[in-house]
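Working notes for the structure below.
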There are 2 protein chains.
Amino acid sequence: MQTERQKEIIEVALELISEKGIQGLTIKNLSKRIGITEPAIYRHYDSKTDILIAILDHFNNNTEHIFKREMQNVDKSLDKIAHLFTKHFAHFSAKPSLLAVIFSEEIFRNDPVLIDKISKVIDKNHQILAEIVSVGQKNGEIRLDIEADHLSTIITGTLRLFVKRWQFSGHTYNLPEEGKKLIESIKHLIIK
Amino acid sequence: MQTERQKEIIEVALELISEKGIQGLTIKNLSKRIGITEPAIYRHYDSKTDILIAILDHFNNNTEHIFKREMQNVDKSLDKIAHLFTKHFAHFSAKPSLLAVIFSEEIFRNDPVLIDKISKVIDKNHQILAEIVSVGQKNGEIRLDIEADHLSTIITGTLRLFVKRWQFSGHTYNLPEEGKKLIESIKHLIIK
DNA sequence: ACAAAGTTAGTGAACATTAACTAACATGCA
DNA sequence: TGCATGTTAGTTAATGTTCACTAACTTTGT
């Protein structure tokens, strides 16, 4: 389990990355914002890499939660996908700091441990979505002329670019609202 | 115009970013690989930021070329889009070093000049593609029930994620070949 | 002979991390 | 109860490394 201080460190680390990119995440900045000295950070995490790992785990648990719950709750595949989008938009809108981390895999390129971890996350999410699509195809909800794997790439790719553009705009428009329209377009696109 | 040495510096800089991410691009690494000393770099570029700007310009010129030529050559919109994909795949396959830069906008977060530059590039490309789609809709080639802007996001997002996944896999499969299949899927998706 | 392109040697700043120490609090035992 | 011991979470000071960049000098090609 995480202590209060550990949670605080992760939260502030996300803030810093969100504000200034990965280069803004230094032990100095981290400690300054929390209000303790640099070495004190090492009472809670052994190294900076451990902090980054904790961030990845944090994100991983979060989406895994969303994905898995969505798999069970609704029964129509199209609704599942729509819900997935909506949940993500709401999530990002409430906590934009996560965004800067999630869509910046290059950030973790230094460490082989980190790159392996994030690779697996991406792969897993892709496979879960492909599975949902595949079920939808068997149910007769989703078109069959395009393989589930491609549809999953199309859906995820669209989501990612859309959110990224929102991030780049400085969050100037309403993500969940505009996202709703995009979800409708995607539904039309993949429906049988 | 660029001197031979300047071209070499940009090329090697791309290599380094490709291999180790932005943190791999240091004046030391750069000079070592070229085979000169660090201060010699400053005979050719005034600062590291100037090198990053040159990289962005390099990329900008490249895609602008591809996009603009494609706008004129073929007359069917669907073929234009297919060609655009194919060209990009071939381009990235031949020069994977570009990839690490193009899809890593966070890299440039330090400098406001750089972030403004890359924002404009992304926006411009999106608009060009949206325009192609829009023409295709008027011609009766592309479905009308989804707005051109959304279709452009869907197409670009798919392309980006697909290429990114290839990059993440360590270029283990054939990008142009697998890409061809994805292009077919997208064609089916947006055709009227 | 002169300018371009290189060198050596160094700068100060930032980086993650460690060492040594301390105050406050908790635990165990006579 | 009260002292001894240990733990937690912080401090100051310093380590070695890497960073981008500079001043001053040398080589090289026209």
Side-chain angles (χ1 to χ4, degrees), chain A residues 1-56 100-101 104 106-115 117, chain B residues 1-56 100-101 104 106-115 117:
Chain A
M1 263 305 287
Q2 277 186 321
T3 64
E4 280 305 305
R5 199 50 121 192
Q6 281 178 322
K7 280 184 203 162
E8 190 183 5
I9 289 172
I10 297 310
E11 199 151 312
V12 172
L14 282 169
E15 269 176 41
L16 287 170
I17 294 175
S18 175
E19 286 168 25
K20 308 176 213 171
I22 192 63
Q23 312 209 27
L25 177 62
T26 65
I27 302 295
K28 193 175 191 169
N29 289 348
L30 204 48
S31 55
K32 199 191 293 171
R33 184 164 298 193
I34 291 175
I36 56 177
T37 58
E38 297 166 55
I41 298 290
Y42 291 90
R43 293 283 170 210
H44 308 278
Y45 285 103
D46 282 347
S47 67
K48 195 183 170 181
T49 298
D50 281 1
I51 294 175
L52 288 168
I53 287 175
I55 288 174
L56 278 182
V101 182
S104 318
E106 302 79 8
I107 280 176
F108 302 104
R109 281 245 233 141
N110 286 331
D111 201 301
V113 177
L114 294 175
I115 205 172
K117 227 175 165 64
Chain B
M1 262 303 289
Q2 280 185 318
T3 64
E4 280 306 305
R5 197 53 117 192
Q6 282 177 321
K7 281 184 201 160
E8 191 182 4
I9 289 172
I10 298 309
E11 198 150 315
V12 172
L14 283 170
E15 268 176 41
L16 287 171
I17 294 175
S18 175
E19 286 168 25
K20 306 176 214 171
I22 193 61
Q23 314 212 21
L25 177 61
T26 65
I27 302 296
K28 192 175 192 172
N29 289 348
L30 204 49
S31 55
K32 199 191 290 171
R33 185 163 297 190
I34 291 175
I36 57 178
T37 58
E38 298 168 53
I41 298 290
Y42 291 89
R43 294 282 171 210
H44 307 279
Y45 285 102
D46 283 347
S47 68
K48 196 183 169 182
T49 298
D50 281 2
I51 294 175
L52 287 168
I53 288 175
I55 288 174
L56 277 182
V101 182
S104 317
E106 304 79 26
I107 279 175
F108 302 104
R109 280 242 233 147
N110 287 331
D111 201 304
V113 177
L114 295 175
I115 205 172
K117 231 177 162 62

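Since the model is a prediction, treat every value here as computed from it, not as a measurement.
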Let me check the geometry of the helix from C:dA1-D:dT30 to C:dA30-D:dT1. What is the bend angle between the axes at its two ends, five pairs each, to 10°?
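Nearest ten degrees gives 10° for this helix.
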Nearest-Å distance, [atom1] ([X]) to [atom2] ([N])?
X: A:Lys28; N: D:dC19; atom1: NZ; atom2: C1'; result: 14 Å
X: A:Ile41; N: D:dG10; atom1: CD1; atom2: P; result: 9 Å
X: B:Tyr42; N: D:dA23; atom1: OH; atom2: P; result: 13 Å
X: A:Arg5; N: D:dA9; atom1: CZ; atom2: C1'; result: 8 Å
X: A:Ile36; N: D:dG10; atom1: CD1; atom2: P; result: 5 Å
X: B:Asp50; N: D:dA20; atom1: CG; atom2: C1'; result: 13 Å
X: B:Leu30; N: D:dC21; atom1: CG; atom2: C1'; result: 14 Å

Show the nearest heavy-atom pair for residues A:Val12 and A:Leu30, with the distance to one decimal.
CG1-CD1, 3.8 Å
Spacing of B:Ile9 atom CD1 and B:Gln6 atom CD [to the nearest 0.5 Å]
6.5 Å
Using a 4.0 Å heavy-atom cut-off across all strands, classify [X] as base, sugar-phosphate, or nothing.
X: B:Thr26; result: sugar-phosphate
X: B:Ile34; result: nothing
X: A:Leu25; result: sugar-phosphate

Pairwise 5' ranking along DNA chain C for A:Asn29 and A:Asp46, keeping only the more 5' one
A:Asn29
Could I get the full list of side chain to side chain contact (heavy atoms under 4.5 Å, CB included) partners for B:Lys32, not counting sequence neighbours?
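Per chain and number, B:Lys32 pairs via side chain to side chain contact (heavy atoms under 4.5 Å, CB included) with no residue.
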Interface residues of residues 7-15 of chain B with DNA chain C (non-hydrogen, below 4.0 angstrom):
none
Under a 4.5 Å cut-off applied to non-hydrogen side-chain atoms, are B:Ile36 and B:Arg5 in contact?
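Answer yes - side chains close enough.
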Heavy atoms of chain B, cut-off under 4.0 Å: which first and last nucleotide of DNA chain C, 5' to 3', fall inside that, if you could look?
C:dA5 to C:dA9
Tabulate below the donor-acceptor pairs under 3.5 Å that side-chain atoms of residues 39-55 of chain A make, not counting sequence neighbours, or state none.
unit_1  : atom_1 : unit_2  : atom_2 : d
A:Tyr45 : OH     : A:Gln2  : NE2    : 3.2
A:Ser47 : OG     : A:Asp50 : N      : 3.2
A:Lys48 : NZ     : A:Leu25 : O      : 2.8

Each nucleotide of nucleotides 24-30 of chain D classed B (base within 4.0 Å of a protein heavy atom), S (only sugar-phosphate) or -, in 5' to 3' order, makes BB-----
Are the side chain of B:Ser18 and the backbone N or O of B:Leu14 linked by a donor-acceptor pair below 3.5 Å?
no
Option among B:Glu11, B:Glu19, B:Glu8 that satisfies the salt bridge (charged side-chain N to carboxylate O under 4.0 Å, His left out) test with B:Arg33
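Single pass found, and it is B:Glu19.
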